[in-house]
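See below for the structure under consideration.
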Amino acid sequence: MKILFVASELFPYVKTGGLGDVMAALPRAIRALGADVRMLVPAYPALRAAVEIQGVAATFADLMGGGPARILRAEAPGLPLYLLDQPAFFDRPGGPYDHPDDLARRFAALAWAGAHLGRVGDGGGWRPEVLHGHDWPAGLVPAYVAFGEGPRPATVMTIHNIAFQGRFPASLLSDLGLPRHTLTPEGVEFHGDIGFLKAGLKLADRISTVSPTYAREIQQAGGHGLEGLLAHRHQDLWGILNGVDREVWNPAKDPNLVSRYDLRHPARRAPNRLDFQKRMGLQEDPGAPLFSAVSRLDPLKGLDLVLDNVDHLVALGAQLAVLGTGDVHAEGAFRQAAQRHPGRVAVFIGYDEALAHRAFAAADVVLVPSRQEPCGLTQLYAQAYGALPLVRRTGGLADTVVGVSPGTLADGTATGFQFEAANGWALGEAINRALALFHDPATWRQVQRRGMAADFGWEGPARAYLDLYATIPSKGN
Ligand code: ADP
């Protein structure tokens with residue numbers, strides 16, 4: 001089977017969150033099962049510089065008013081790529097979603113290029129049977145396929161985060177190459193605007209999202225305005241959990257760690273904690289329970305609940321290290337908390353991949369208090385690295401962490417801590433439970449071992465995506 005992913009991020013070249021990680025691992029995992037998955041991404045400078053360009057698949061005099069464009073054939077290790085080379089749109093500094101003035105046209109160009117490959121092929125005889133778009137930047141892929149000419153590949157749309165929807169003024173319709181008749185509820189229209197994600201969810205043959213619980217939540221209160229559409233399409237909506245790329249996230253061979261370790265050598269974990277404490281300016285205290293959070297600072301991530309608990313943690317003798325960037329108020333509040341509690345609370349404002357690896361290898365508890373969490377990766381990385389996740393019971397967090405309780409301790413299934421209400425008190429109560437277990441080292445190690453042994457590999461999810469593709473009736477082309 002031939003499948004083309006269309007996406008705006010690809011680790012290690014361009015990543016703002018979990019999407020980049022998933023786009024690096026999932027297509028390779030599906031390829032390992034024998035399907036020919038390739039990926040179309042913008043030719044960002046970092047990507048162009050790193051991969052080998054092999055030829056030109058298509059040229060366009062203009063795409064979406066961004067001037068001349070080409071689709072280049074390229075190769076990342078283990079993953080054939082198509083790069084949308086359109087210098088006016090993509091060859092510039094900054095993150096993928098900066099420059100709001102042409103954001104809609106930029107990702108419309110990407111979606112158009114994806115639809116072109118789906119209908120016409122790459123000029124070298126390769127044409128995908130399935131076009132698989134990821135998140136709002138690829139939301140118009142199913143629209144260009146549905147409203148265009150020529151053979152119609154199957155289309156799949158995956159929601160990695162429904163909070164980001166790509167909503168733009170209806171006045172852009174003709175700039176995006178969309179005919180007037182598409183601006184309806186059956187097409188791309190969303191409350192009088194153009195909705196990129198909405199269009200994808202309406203028009204794709206199948207929809208998936210990244211956990212079974214999130215698939216349910218987004219049909220109810222958590223759909224950010226799309227719950228009705230998704231409830232209507234519930235038979236076409238799948239929830240498939242993300243996995244962990246064990247090549248990148250593996251404490252036994254992680255080059256970022258001062259001491260590598262595994263299930264059989266847990267004692268080798270300890271030097272990483274001292275190293276991390278030193279780097280972060282925390283007291284090098286081997287006995288203090290170390291709580292950490294690695295997160296975008298966004299209201300949906302619930303880090304304000306952690307702020308509510310800073311003094312509580314310190315009063316109980318714990319340390320807190322936060323790595324994050326985003327909301328400036330939250331950044332300031334964490335900086336102030338660190339000033340109030342020097343040596344006990346530390347914060348790194350910014351994005352640092354290596355430091356994130358070190359945090360997971362050092363922490364006793366990784367906090368993930370999200371208000372909403374489609375799948376979440378940091379609770380999985382925490383488990384792989386022997387830290388116990390403490391999560392709010394929502395979305396993928398509910399599906400991937402088994403909360404400590406008398407029952408789950410007795411049957412050996414516990415892997416972390418859960419709490420329910422999205423408030424600081426409920427998190428504080430869960431912190432108390434975590435600290436109580438911390439003072440019972442034998443039971444703590446049992447829970448830690450269970451998490452480290454958990455199989456969050458990509459093979460199962462990759463098989464589930466192949467099953468999903470197989471449910472789409474053949475288009476006969
Ligand atoms: P989301 O995609 O909503 O941001 P996920 O949990 O799915 O959340 O993925 C977050 C990814 O970003 C993880 O790989 C995590 O380690 C990484 N990350 C988040 N914040 C930082 C940071 N400040 N420094 C380094 N990595 C970070």
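Treat the numbers as computed from the prediction; the structure is a model and nothing was measured.
Within a 6.0 Å sphere centred on NE2 of His99, other residues, nucleotides and ligands contribute more than 12 heavy atoms. For Gln235, the CD atom is loosely surrounded, since the number of other residues' heavy atoms within 6.0 Å does not exceed 12.
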For Tyr97 and Glu9, run side-chain hydrogen bond (donor to acceptor under 3.5 Å, both in side chains): C-alpha distance rounded to whole Å, both residues' side-chain angles, the deciding distance at 0.1 Å, then the answer. CA-CA 10 Å; Tyr97 315 113; Glu9 298 187 26; 2.7 Å; yes

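Under the rule for a side-chain contact (heavy atoms from CB on, under 4.5 Å), the partners of Pro461 that lie at least two apart in sequence or sit in another chain are Ile240, Trp458. Residues that satisfy the side-chain contact (heavy atoms from CB on, under 4.5 Å) test with Asn309, not counting sequence neighbours, are His312, Leu427, Ile431. In terms of the ring pair (Phe, Tyr, Trp, His ring centres under 6.0 Å) criterion, residue partners of His134 (sequence neighbours excluded) are, by chain and number, Phe5, His132, His160. With sequence neighbours left out, Ala318 forms a side-chain contact (heavy atoms from CB on, under 4.5 Å) with Pro289, Phe291, Leu313. With sequence neighbours excluded, the residues forming a ring pair (Phe, Tyr, Trp, His ring centres under 6.0 Å) with Trp126 are Tyr82, listed by chain and number. With sequence neighbours excluded, no residue forms a ring pair (Phe, Tyr, Trp, His ring centres under 6.0 Å) with Phe190. For Glu284, there are no salt bridge (charged side-chain N to carboxylate O under 4.0 Å, His left out) partners two or more places apart in sequence or in a different chain. For His341, the ring pair (Phe, Tyr, Trp, His ring centres under 6.0 Å) criterion is met by no residue, not counting sequence neighbours.
With contacts defined as side-chain heavy-atom distances shorter than 4.5 Å, the pair Asn242/Phe456 does not qualify. In this structure, Ile472 and Val156 have side chains that are in contact, with non-hydrogen atoms separated by less than 4.5 Å.
Between the CG atom of Leu230 and the CD1 atom of Ile207 there is a distance of 5.5 Å, given to the nearest 0.5 Å. Atom CG of Asn432 is separated from atom CG of Leu316 by 6.0 Å, given to the nearest 0.5 angstrom. Interatomic distance, CG of Leu377 versus CG of Leu19, reported as 10.0 Å (0.5 Å rounding). Here Leu79 contributes atom CG and Leu81 contributes atom CG; the two are 5.0 Å apart, rounded to the nearest 0.5 Å.
Among all heavy-atom pairs drawn from Leu466 and Ala35, the shortest one is CD2-CB, 3.9 Å. Across all non-hydrogen atoms, the minimal contact from Val6 to Ala138 is O-CB, 3.5 Å.
Ring geometry for Tyr385 against Phe360 counts as tilted: the plane angle lies between 30° and 60°, on a 0 to 90° scale.
When atom types are taken as modelled, the side chain of Gln379 and the backbone of Cys375 share a donor-acceptor pair closer than 3.5 angstrom. Under the 3.5 Å distance criterion, the side-chain polar atoms of Arg433 are matched with a main-chain donor or acceptor of Gln418. A side-chain donor-acceptor contact under 3.5 Å links Ser292 to the backbone of Ala321. A distance-only check finds no donor-acceptor pair linking the side chain of Glu331 to the backbone of Thr325 [under 3.5 Å]. Using a distance-only test at 3.5 Å, with no hydrogens or angles considered, a donor-acceptor pair links the side chain of Asp327 to the main chain of His329. Not one N or O on the side chain of Gln165 forms a donor-acceptor pair closer than 3.5 Å with the backbone of Leu197. Counting only distance, with no hydrogens or angles, the side chain of Ser211 and the backbone of Pro374 share a donor-acceptor pair below 3.5 Å. Looking only at distances, a side-chain donor or acceptor of Arg371 sits under 3.5 Å from a matching main-chain atom of Pro299. Although no hydrogens or angles enter the test, the distance criterion places no donor-acceptor pair under 3.5 Å between the side chain of Gln372 and the main chain of Ile162. Side-chain atoms of Thr213 do not come within 3.5 Å of backbone N or O of Gly396 as any donor-acceptor pair.
A side-chain donor-acceptor contact under 3.5 Å links Gln277 and Gln319. Side-chain contact of Thr413 with Thr408: a donor-acceptor pair under 3.5 Å is absent, judged by distance alone. Using modelled atom types and a 3.5 Å distance limit, the side chains of Gln219 and Tyr214 yield no donor-acceptor pair. Side-chain N/O atoms of Tyr381 and Asp21 include a donor and acceptor closer than 3.5 Å. No side-chain donor from either of Thr158 and Tyr465 sits under 3.5 Å from a side-chain acceptor of the other.
Sorted by first and then second residue, the pairs that involve residues 225-252 and meet salt bridge (Lys or Arg N to Asp or Glu O under 4.0 Å), not counting sequence neighbours, are Arg206-Asp236, Arg233-Asp236, Glu247-Lys253. Residue pairs that meet the salt bridge (Lys or Arg N to Asp or Glu O under 4.0 Å) test with at least one member in residues 389-413, sequence neighbours left out, are Arg393-Glu420. Counting only residues at least two apart or on different chains, the side chain to side chain donor-acceptor pair (under 3.5 Å) pairs with a member in residues 435-445 are Asp440-Thr443. For residues 397-425, there are no ring pair (Phe, Tyr, Trp, His ring centres under 6.0 Å) pairs, not counting sequence neighbours.
Taking 4.0 Å as the cut-off between side-chain N and carboxylate O, Arg31 and Asp36 count as a salt-bridged pair. Contact check on Asp311 versus Arg340 returns a salt bridge, with a Lys/Arg side-chain nitrogen under 4.0 Å from an Asp/Glu carboxylate oxygen. Classification of Asp275 and Arg273 as a salt-bridged pair fails, no side-chain N sitting under 4.0 Å from a carboxylate O. A salt bridge links Arg344 with Asp285: the distance from a Lys NZ or Arg NE/NH1/NH2 to an Asp or Glu carboxylate oxygen falls below 4.0 Å.
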